[in-house]
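Computed from a predicted structure; not experimentally measured. Just so you know, residue 1 is the first one in the sequence shown, and it goes up from there.
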Amino acid sequence: MGPSYFFSHRRTNAQLQAFYEANHDALYRYAFWLLRSHTLTEEAVQESWAKCVQNRRTFFSLSPSERLPWMVVVVRHTALDLLRRERRCQPLDPDWDTKAPEEQGVGEVLAIIREMPPKYCVILELKFVYEWQDEAIAQHLHLPLSTVTSRVQRGRKMLQAKLLQEGYAP
């Protein structure tokens with residue numbers, strides 16, 4: 001849907017439409033990075049812009065430099081809500097599934113990580129597959145470091161329990 005869908009309301013300010021036109025593509029790319037699905041990305045971005053229009057008082061109460069970060073958070077929360085509704089976690093790198101012979105077992109562990117709740121699977125994949133530090137994950141996902149640390153700990157326990165259940169030795 002184009003901007004006319006979102007900005008047909010007579011009270012809508014030209015600034016909001018200009019913000020949409022300037023930032024829509026970047027926000028779409030960000031949502032696609034999170035979701036890895038054009039269908040879900042379209043849905044997330046449309047819902048996010050609808051939320052922006054519904055909350056235009058909040059939008060206009062922000063300084064111009066705060067509006068894009070606010071909208072990024074709206075897109076992120078909307079995308080994660082869609083993942084929760086879908087009850088799935090998308091891989092961060094679609095090429096990861098192609099495994100070399102010496103990586104036997106890694107794909108199975110990665111599949112278990114991807115079946116975990118979204119708030120854990122993204123963090124665990126960044127931590128254990130891509131070997132990111134907690135600080136880098138926190139910064140990248142715009143989460144407090146303490147949240148990332150606790151999710152890594154809880155997610156690790158869940159992963160260990162699932163691996164034991166699947167027959168992996170401790």
key: Heavy-atom closest contact (R156 atom, L124 atom, distance)   = N-CD2, 4.0 Å

request  = Quick one: closest heavy-atom pair of I113 and C121, and the distance?
outcome  = O-CB, 3.0 Å

inquiry  = Do L62 and Y20 land in one hydrophobic cluster if side-chain heavy atoms of ILVMFWY residues count as linked below 4.5 Å?
reply    = yes

inquiry  = Taking side-chain contact (heavy atoms from CB on, under 4.5 Å) as the criterion, tell me which of T147, L126, L145 meets it with D134.
reply    = L145

ask   = So, do F19 and P64 sit near enough that their side-chain heavy atoms are less than 4.5 Å apart?
value = no

inquiry  = More than 12 heavy atoms of other residues, nucleotides or ligands under 6.0 Å from CD of Q133: yes or no?
reply    = no

inquiry  = Test side chain to side chain contact (heavy atoms under 4.5 Å, CB included) on R76 and L143; report intermediate values, then the result.
reply    = CA-CA 11 Å; R76 178 169 40 98; L143 292 170; 4.1 Å; yes

task = For the pair Q153 and T149, evaluate side chain to side chain contact (heavy atoms under 4.5 Å, CB included) and give the outcome as yes or no after the intermediate values.
result = CA-CA 6 Å; Q153 290 172 352; T149 303; 4.0 Å; yes

message = Can you confirm if the NZ or CZ of R67 lies within 45° of the ring axis of F59 and under 6.0 Å from the centre of its six-membered ring?
response = yes

key: Hydrophobic cluster membership, V73 vs L35, 4.5 Å side-chain cutoff   = no

query = Which heavy-atom pair separates A44 from S48 by the least distance, and what is that distance?
reply = O-OG, 2.7 Å

task = With the side chain counted from C-beta on, respond yes when L141 and V148 share a heavy-atom pair under 4.5 Å apart, and no when they do not.
result = no

inquiry  = Looking only at the side chains, is there a donor atom on one of S37 and T39 sitting less than 3.5 Å from an acceptor on the other?
reply    = no

inquiry  = So, taking the atom named CD1 in I137 and the one named NE2 in H142, what distance separates them when rounded to the nearest 0.5 Å?
reply    = 13.5 Å

key: Contact summary for I112 and M116, nearest pair of heavy atoms   = O-CG, 3.4 Å

remark   = All heavy atoms of Y28 vs all of E42, minimum pair found to be CE1-OE2, 3.2 Å

query = Step by step, would you call F32 with V45 a side chain to side chain contact (heavy atoms under 4.5 Å, CB included)?
reply = CA-CA 9 Å; F32 184 77; V45 171; over 6 Å; no

message = Nearest 0.5 angstrom please: E21 CD to N23 CG, how far?
response = 10.5 Å

ask   = Can you name the closest pair of heavy atoms from H24 and W49 and give their distance?
value = ND1-NE1, 3.1 Å

ask   = Got more than 12 heavy atoms from elsewhere within 6.0 Å of CD, Q139?
value = no

query = Rounded to the nearest 0.5 Å, what separation is found between the OG atom of S61 and the CG atom of N55?
reply = 10.0 Å

task = With rounding to the nearest 0.5 Å, note down the distance linking NZ in K51 to NE2 in H77.
result = 9.0 Å

request  = Check whether any side-chain N or O of R56 sits under 3.5 Å from a backbone N or O of V53 as a donor-acceptor pair, and report yes or no.
outcome  = yes

Gap separating the CG atom of L82 from the CD atom of E47, nearest 0.5 angstrom = 5.0 Å

key: side chain to side chain contact (heavy atoms under 4.5 Å, CB included) between L27 and M71, intermediate numbers included   = CA-CA 8 Å; L27 292 168; M71 193 62 190; 3.4 Å; yes

